Structure formats: C-alpha cells, structure tokens
Asks: 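Quick one: the structure is below, and I'll ask about it shortly.
Letters A, B, ... mirror the listed sequences (proteins, then strands); counts begin at 1. For clarity, every value in this text was computed on a predicted model and none was experimentally measured.
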Amino acid sequence: MKRVLTKFLSGLVGEKVTVLGWINSKRNHGKIIFLDIRDRFGIVQIVILPGNDDYEKAEKISIESVVSVTGVVVKRPDNLINPNIISGKVEIQSEKFEVISPCDKLPFELDDTSEVSEETRLKYRYLDLRSKRMKKNIVNRHKSNQFIRNYLSKKGYLEVETPFLTKSTPEGARDFLVPSRNQAGMFYALPQSPQQYKQLLQIAGIEKYFQIVRNFRDEDQRGDRQPEFTQVDIEASFIDEKDIIKLTENLILELIKAIYPEKKLTLTPIPRLTYKEAIEIYQTDRPDLRKDKNNKNELAICWIVDFPMFEKKDDGSYGPSHHPFTALKKEFINDFEKQDPEKVIAQQYDLVINGNEIAGGSIRTHDVAVLKRVFEFLEHTQADIEEKFGHFLKAFMFGVPPHGGIAIGYDRLLMVLNNENNIREVIPFPKTGDGKDPLMDSPCRVEKKQLDELHITTQDRKRKK
RNA sequence: GGAUUGGUAGCUCAAUUGGUUAGAGCAUCUGCCUGUCACGCAGAAGGUUACGGGUUCAAGUCCCGUCCAGUCCGCCA
C-alpha cells in the first residue's frame, strides 16, 4: 500500500493507509499501546489493542526504530484531540505493524537536545538532526536558499560556480592546501572567497553574478566561525555603493518577511553609520542597536560605511584593512599616497544585525593604474606584484567595467534568524572548535602510499618540553 | 599561540571545610496498568569520579603534568 505522510492524515478519516517513519514515543498501558510515528512533517498516534497479531511486537519495539503501520484513520473524540501534533484530530487503528529497522539504545535523548553536550551531539549528528529544532533549522536553510536564488535570479543575477581547487592567496587568512599529484611539490589552495573569480566574471561581461558558495579559512574557531562556511556572494558591474546596499538590504528584508515573519525591525529605515561615527559612539564597528536584547524576535539592522582603506600592522607599515582591490572614495584617488594613511577612506560597507557582522563588501578599483599605485603603496615590489597578482592585473588590461559587490555570511545570518547562539546549529555537519569532525573522525592519518603519490613526507608535531 | 571555565552512571547534574557504602532526574531492563500523548506506579541494574603522578591517616574535592571540550584574546586581506 502506498505511503501517506502524517500531514495529510487528518483529511483521510475512514480510509486505510500506511505510514512509515520512526517511533517518536511509546506509551504502554498494559491493555492498550500508543505509538507516535514521526516522519519529516510531524507525528501521528497509532493505537494497538490486545488480540492484534502484532501486539507483542509493539510491546517490544524500541524508540527511534523505523516501522511501517497500516490501519484505518479514525477521528478522535473531541476530548482526546491533541492540538500539538499535525495529525492531532485523528489517529490510526493499527492492523499491520512491521519493524523495518530496530533502533539500539540511544546515546542521548532526542526530545530536547539543547542541553546535551555538543561533542556528543556531533558524534551522533544523524540522531541530533532528528530533533525538531535541528529539522527546523535545516528546513529554514533550504527555504532561504530557494528564496535567495529566486530573488536574485528575478533581478537578473546569474548563479555561476567557481573552482574549489584554486591558487593560494598571499594575503588574508591561512589557506587550506591541496597537494598536486601531477606536479610534485605544487599545491592548490581552497578558496577563502571567490573574490578574484567574481571580479574576473565582471571583466568577462557577466554583469550580475551570485553564488551560494563554500569558503575555506584555516584560522582558529569561534562560535560564529568555521573552517568551512557559506557565503551568499554577489558582484555586479556598472553599479555604485548605494546600489549594492539597496540590493542587499531588500534581499534580506524580503527574506525575513517571507520566511521569518515573526521578526520585528527596531530601526526603519535601516540606519547608515560611518565607521568613524560607530567607533566614536559605540566603540565598535558592529554595534548591537537592539532596544530589548531579551526579545528574541527583535532585529536591529544597520550599515557601517566609509571604512578606512589602510590599517597599521604590527611592524608599523600599512596593510589593506579589507583587501587591496577595494576602491578608494573618489576624493582620495588622486593623492592618497600623500595623505595620512589612516584617514584614507574606502568605498567599503558592512551590514550588522544585532551586533553580528553579517555582510561586507566594496566597490572595486577597475583602473589598473590606481590598483598598481595601491600595491606600490603597500610596499610590494614590481616582481612581487607580478608573481602574486600578475594573472589578475593582466585581465585589467582588457576592458574592465566599474564593479563592486558584497558577501553575506550566510551561516551567521541564519544563526541570528533562527535564534541560535552558534553557527554550528545551522550547519548540518559542522566541525568542533578544533576543526575536527567527531562523526567522520576527520582529519585523520592517511596511508603511506597516498602520501608517496603526493610527494609528501610528514613530520609529527614535536612534543612540548 | 595565550587566557579562562569545565570533564562524576548512557544523558543532564549534585556531593558542606578533604571524612560513612559517590546521589538524583531522565534513558535502559523487569513487573503492574484500556485513552495516554514528555502516560503513570513499583523495583532492578548501571561508576577505573577523563588519564598519570603527588600531598594526606583519609582525595570526586588540594597540588603538578597530559588529554578532551566550551568561551574569549591573538588570528580571521
């Protein structure tokens, strides 16, 4: 018999159906057994009475086993309706009960996973994800993906995939490296962001690009940082700072309206603070502007604009505060080298929600002469520039549209919208703070044969004295 | 790399100033229970107190080291 999902059962009173799913709970009253069967959409109560051929099977069944139940859908009497479950107005009188796959003793209880240690949850993530809370986060993430793709597509943006096996970038975060088998001693790097590719796509004439894409950074973890994380990456040509800000703002506001309608905005229209103002007033470039921080449905969104272009490094020299491709504000282009480096302002903007940096982007320099001057100012030698950025600068010789973009830290956005304190809660299979995956037990050692093929010898970390 | 908090039953926690046989709830197992829906009741089982060393008549508790986990700083163009 064909399977019926729990969400359709209330409309099928009197019909014989089969439901498939997991045993959510079992209540044995001696002469009557209730089983709650759970599928992706909800729960239905099964009733089994003595005399039923499968009564003993039902007595013995363990919670979280996968079962099949065939029986007639009956209306519950008014006083026995359970409004808390999707099929609460009906129940199924079991005629045939089959165990498809039994469940062993559980390592933790699934009803409320918020108080189980994260290590245990991650080790058995496939059980953790059965919980209502995790399922909700996964469903919302899917809905958000669909919404964003649809929204940006309607605006004329093309989703373009960029490579994961790419080139190590000299600045920024530490790279994850992938050894090349064909080229001994050579390495690919996993992208810290598709920054260069998305700019090259503008030179390629794509004009409007987006991608929901994984990024990799080999830095130490935080509650809002993972070694691999997802960005909604956007780049467009012939636009200015205001256009990108408007697009991003509308995208996020529409997303919230569609999928998180319970959320309320504290500040409308969304305020724009300069970096200088934010630091002076709030001593941070990601202020939390909520009025009531205990209200889980309050969202205080703001933009921080006019970031400084350069920042002083430990050795006293200057580095780019974001990246060297960031465009200067027009008034600084002609003579930024002669000004106080800390007062040079870039066309750079960040979106902050409830004190979390959710998105950041900039207009990029499309004039190759200005780009070279920035590199020179950052004390790169000509040979250095050629080696590190030559491939990129070459492209700038062939007709570059003015362009800019933004990247939304998607996991952080979802963390805030799903009322979680940690991005690991909105990532199906996250790593621990140490960059490990307790479920797959990665990273792990590999066989010598594999290392030999990759021309690699390893050295165990020296013990501390 | 640094700081800090923690590691006690399958899970979540307790254990007074260092002092009797390390307790409780849930989960598990056994028995009872025909309307529960986180069912209920009675009972049982379950411990190398992360690991190693030290102080002490006596260590879950104090000290040292190691391992593991969380949070924060550094780091994150």
Asks: Assign a letter to each nucleotide of nucleotides 32-40 of chain B from its 5' end: B, base within under 4.0 Å of a protein heavy atom; S, sugar-phosphate only; -, no contact.
Replies: -BBBBBBB-
Asks: Taking the six-membered ring for Trp, are A:Phe164 and A:Tyr188 closer than 6.0 Å centroid to centroid?
Replies: no
Asks: Can you see whether A:Tyr209 has A:Lys198 sitting over its ring - NZ or CZ less than 6.0 Å from the centre and within 45° of the normal?
Replies: no
Asks: Applying side chain to side chain donor-acceptor pair (under 3.5 Å), can you list everything that pairs with A:Arg373, at least two apart in sequence or on another chain?
Replies: A:Glu337
Asks: Send over the distance from A:Glu119 CD to B:A69 P, rounded to a whole Å.
Replies: 6 Å
Asks: Is any side-chain N or O of A:Glu109 under 3.5 Å from a base N or O of B:G10, one able to act as donor and the other as acceptor?
Replies: yes
Asks: Would you kindly give the CG-to-C1' distance between A:Asp224 and B:C73, to the nearest whole Å?
Replies: 14 Å
Asks: Quick one: label A:Ser193 by what it contacts on the DNA or RNA (base, sugar-phosphate, nothing), any heavy atom closer than 4.0 Å.
Replies: base
Asks: Select base, sugar-phosphate, or nothing to describe what A:Gln195 touches, counting heavy atoms under 4.0 Å on all strands.
Replies: base
Asks: In whole Å, I'd like the distance from the CG atom of A:Leu106 to the C1' atom of B:C29.
Replies: 15 Å
Asks: Are the aromatic rings of A:Phe377 and A:Phe310 close, with centres under 6.0 Å apart?
Replies: yes
Asks: Just how far, in rounded Å, is C1' of B:C76 from CZ of A:Phe176?
Replies: 12 Å
Asks: Taking atom NZ as the centre, does A:Lys57 end up with more than 12 heavy-atom neighbours from other residues, nucleotides or ligands that are less than 6.0 angstrom away?
Replies: yes
Asks: For B:A59 versus B:A15, give the span between their C1' atoms, rounded off to a whole number of Å.
Replies: 13 Å
Asks: So what's the dot-bracket for RNA chain B: Watson-Crick or G-U pairs under 3.5 Å, [ ] if a pair crosses, | if it pairs off-strand?
Replies: (((((((..((((.....[...)))).(((((.......))))).....(((((..]....))))))))))))....
Asks: Tell me whether the rings of A:Tyr275 and A:Phe307 are parallel (<30°), tilted (30 to 60°) or perpendicular (>60°).
Replies: tilted
Asks: Would you call A:Thr432 and A:Glu118 a side-chain contact if the rule is heavy atoms closer than 4.5 Å?
Replies: no
Asks: Whole-Å distance between B:A3 C1' and A:Asp220 CG?
Replies: 13 Å
Asks: Which part of the nucleic acid does A:Lys436 contact within heavy-atom distance under 4.0 Å: base, sugar-phosphate only, or nothing?
Replies: sugar-phosphate
Asks: For nucleotides B:G1 and B:C76, find the distance between their P atoms and express it as a whole number of Å.
Replies: 16 Å
Asks: Could you tell me the separation between the CD atom of A:Glu118 and the P atom of B:G6, rounded to a whole number of Å?
Replies: 19 Å
Asks: Expressed as a whole number of angstroms, how long is the span from A:Ile423:CD1 to B:G70:P?
Replies: 13 Å
Asks: Check this for me: does the side-chain of A:Arg225 come within 3.5 Å of the base of B:C76 through a donor and an acceptor?
Replies: yes
Asks: Regarding A:Gly88, tell me which of base, sugar-phosphate or nothing describes its non-hydrogen contacts under 4.0 Å with the strands shown.
Replies: nothing
Asks: Without decimals, in angstroms, what is the distance between A:Asp434 CG and B:C67 C1'?
Replies: 11 Å
Asks: Assign each of A:Arg174 and A:Gly223 to its nearest nucleotide of RNA chain B by heavy atoms, then name whichever residue's nucleotide is nearer the 5' end.
Replies: A:Gly223
Asks: Take the angle between the ring planes of A:His403 and A:Phe396 and call it parallel below 30°, perpendicular above 60°, tilted in between.
Replies: tilted
Asks: When you compare the side chains of A:Glu425 and A:Asn418, does any donor N or O come within less than 3.5 Å of an acceptor on the partner?
Replies: no
Asks: Measure from the side-chain heavy atoms of A:Arg222 and tell me the nearest of B:C76, B:C73, B:A69.
Replies: B:C73
Asks: Would A:Ile245 and A:Glu241 count as a side-chain contact (heavy atoms from CB on, under 4.5 Å) here? Give the steps.
Replies: CA-CA 6 Å; A:Ile245 285 178; A:Glu241 188 168 348; 4.1 Å; yes
Asks: Quick one: label A:Asn422 by what it contacts on the DNA or RNA (base, sugar-phosphate, nothing), any heavy atom closer than 4.0 Å.
Replies: sugar-phosphate
Asks: State whether A:Ser117 places a side-chain N or O below 4.0 Å from either non-bridging phosphate oxygen (OP1 or OP2) of B:U12.
Replies: yes
